[in-house]
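Nothing here was measured: the structure is a model prediction, and the numbers come from that model.
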Amino acid sequence: MNIVVLAGGISTERDVSLITGKNVVNALRSVGENAVLLDVFLGYKGDISSFFEDGAQNHNAINDIGIVDPSIEDIKKARGTSSNSLFGENVIEICKMADFVFLALHGEDGEDGKVQATFDLLDIKYSGSGCLASAMAMNKYISKQMMDANGIKNAKYIFAKKENANLKYEYPCVIKPTSGGSSVGISIVKSEEDFENAVKTAFKYEDEIIIEEFIEGREFSVGVLGDTVLPPIEIIPKEGFYDYKNKYQAGMTIEICPAELSKEDTKRLQENTKRVFDVLNLEVYGRIDFILSKENNEFYCLEANSLPGLTSMSLLPQEAQAIGIDYPCLCKKIIELSQKKY
């Protein structure tokens, strides 16, 4: 098959997306698929009739993920046009030519359902969940409301818009952008003097934020692949919390898979994972993050990821490997499960 691996874009997770895309291309090519990377924002300026031959080396220039999230303004300047459209030159045309599009996009304008909705209208086949599920999972306010309505435990919270004044919350608390990913813009606040700066940081990324109670405990993530709930993985940052740096810089975090939990707790966590996955109408694959409260031994859902990372540091590939699914097989399986939608 001719497969476009769509990556990049202009979210704060651009670098993560590009590494995911590079890995997916190499994996699919290793099992005989003609996969080619395409940056959804920068596009392709060559002759599209030969894209699947001439673009085959697009992924080789991609470097490792930086310590901080990339400058989106610099990416916009690199395009060389005044257009702010997410879709760069020839992107839609190339995706129409492809047999399938593997979505390696992360974050806003990629994981939030907009690309999925566009492709649905244009009859372009793609991997992962549909537009509605993607939108609900990406927006923490909506996903928390869905969890509340279905009795799924999550941290108590308030929702705030940028025009709100005199925001207050008891300490410690967590302040985060409503639709961000990779922990960009997130702060753990332990004092009043830190609160204002944390609010400003979150609002720097979005006009809507979530302020929620801080739950002390162990952090876990659980992937879903089709009808299979994968083994949980425990995440233990060596310093601070599981932020952008700790997620993507080697040696910063200890990850244990399968997690060291009792059979009862493992079953309970996996059942909670499937409930969140189903409540948000997710399809094909995803990853759900939890905290096991030190206070009451209950699992609290942190968020759902409809297009989880597939970098060498990512959690889902480790969980799949724990049940004997190697990386190329994981990528092939995602395509096979996605094709069943059509």
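- Without hydrogens or angle criteria, S306 side chain to A137 main chain gives no donor-acceptor distance under 3.5 Å.
- Of all heavy-atom pairs between V284 and G128, the closest is CG2-O, 3.8 Å.
- Using cut-offs of 30° and 60° on the angle between ring planes, the pair Y141 and F159 is parallel.
- Considering all non-hydrogen atoms of both residues, Y300 and S293 come closest at CE1-CB, 3.7 Å.
- Considering all non-hydrogen atoms of both residues, Q318 and C257 come closest at O-SG, 4.0 Å.
- Contact check for N305 versus L316: no side-chain heavy atoms found under the 4.5 Å cut-off.
- Remark: K144 engages E212 in a salt bridge, criterion side-chain N to carboxylate O under 4.0 Å.
- Taking every heavy atom of both residues into account, K140 and I210 meet most closely at CB-CG1, 4.3 Å.
- Under 4.0 Å is where a charged nitrogen must lie from a carboxylate oxygen, and between K274 and D278 at least one such pair does.
- The backbone N or O of I152 sits nowhere less than 3.5 Å from a side-chain atom of N150 that would complete a donor-acceptor pair.
- Contact of the Y169 side chain with the K156 side chain is registered, since non-hydrogen atoms from C-beta on lie closer than 4.5 Å.
- Considering all non-hydrogen atoms of both residues, Y126 and C131 come closest at OH-N, 4.1 Å.
- E33 places a side-chain N or O within 3.5 Å of a backbone atom of M1 that can act as its donor or acceptor partner.
- For the side chain to side chain contact (heavy atoms under 4.5 Å, CB included) test with Y285, the passing option among L337, L330, L307, L230 is L307; the others fail.
- C301 places a side-chain heavy atom less than 4.5 Å from the side chain of I288.
- Summarising the local packing, CD of E336 is surrounded by more than 12 heavy atoms from other residues, nucleotides or ligands at distances under 6.0 Å.
- D123 CG: 12 or fewer foreign heavy atoms inside a 6.0 Å radius.
- We find the CD1-CG distance between I233 and L315 to be 5.0 Å, quoted to the nearest 0.5 Å.
- In this structure, NE2 in H106 is found 11.0 Å from CG in D15, a value given to the nearest 0.5 Å.
- Look at K341 and D120 and you find no salt bridge, because none of the NZ, NE, NH1 or NH2 atoms lies under 4.0 Å from a carboxylate O.
- For the pair L37 and K22, the minimum side-chain heavy-atom distance is 4.5 Å or more.
- Heavy atoms from other residues, nucleotides or ligands lying under 6.0 Å from CD of E298 number more than 12.
- Looking at K176 and E206, no side-chain N of the basic residue comes within less than 4.0 Å of a carboxylate O on the acidic one, giving no salt bridge.
- When side chains are defined from C-beta on, L42 does not count as touching V91, because their heavy atoms never get closer than 4.5 Å.
- With hydrogens and angles disregarded, no donor-acceptor distance shorter than 3.5 Å links the side chain of S50 to the backbone of E53.
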Quiz: residues 92-104 side-chain donor-acceptor pairs under 3.5 angstrom, not counting sequence neighbours:
from	atom 1	to	atom 2	distance (Å)
D99	OD2	N2	N	2.8

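- Panel note: side chain S221, backbone D289; no donor-acceptor pair is recorded below 3.5 Å.
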May I have the list of side-chain donor-acceptor pairs in residues 321-328 shorter than 3.5 Å, sequence neighbours left out?
from	atom 1	to	atom 2	distance (Å)
D326	OD1	C329	N	2.9
Y327	OH	L310	O	2.7

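- No more than 12 heavy-atom neighbours from other residues, nucleotides or ligands sit within 6.0 angstrom of CG on D227.
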### Message
For I334 and L225: C-alpha separation, side-chain torsions, deciding distance, then whether side-chain contact (heavy atoms from CB on, under 4.5 Å) applies.
### Response
CA-CA 8 Å; I334 288 170; L225 183 63; 4.1 Å; yes
### Task
Carefully, step by step, assess L282 and V224 under the rule side-chain contact (heavy atoms from CB on, under 4.5 Å).
CA-CA 10 Å; L282 294 170; V224 178; over 6 Å; no
### Task
Quick one: do I175 and T201 satisfy side-chain contact (heavy atoms from CB on, under 4.5 Å)? Show the steps, please.
CA-CA 9 Å; I175 299 178; T201 297; over 6 Å; no
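- Checked by atom type, the side-chain pair N139/D112 shows no donor-acceptor distance below 3.5 Å.
- For the pair F87/V40, a side-chain contact is recorded, criterion being any heavy-atom separation below 4.5 Å from C-beta on.
- T311 and S314 share a donor-acceptor pair across their side chains, judged by distance under 3.5 Å alone.
- D39 places a side-chain heavy atom less than 4.5 Å from the side chain of R14.
- The local environment of NZ in K45 is crowded, with over 12 non-hydrogen atoms from other residues, nucleotides or ligands closer than 6.0 Å.
- Two residues are said to be in side-chain contact when any heavy atoms from C-beta on lie closer than 4.5 Å; L292 and L261 meet this criterion.
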### Task
Please test E283 against S129 for side-chain contact (heavy atoms from CB on, under 4.5 Å), starting from the C-alpha separation and ending with a verdict.
CA-CA 5 Å; E283 299 175 275; S129 294; 4.1 Å; yes
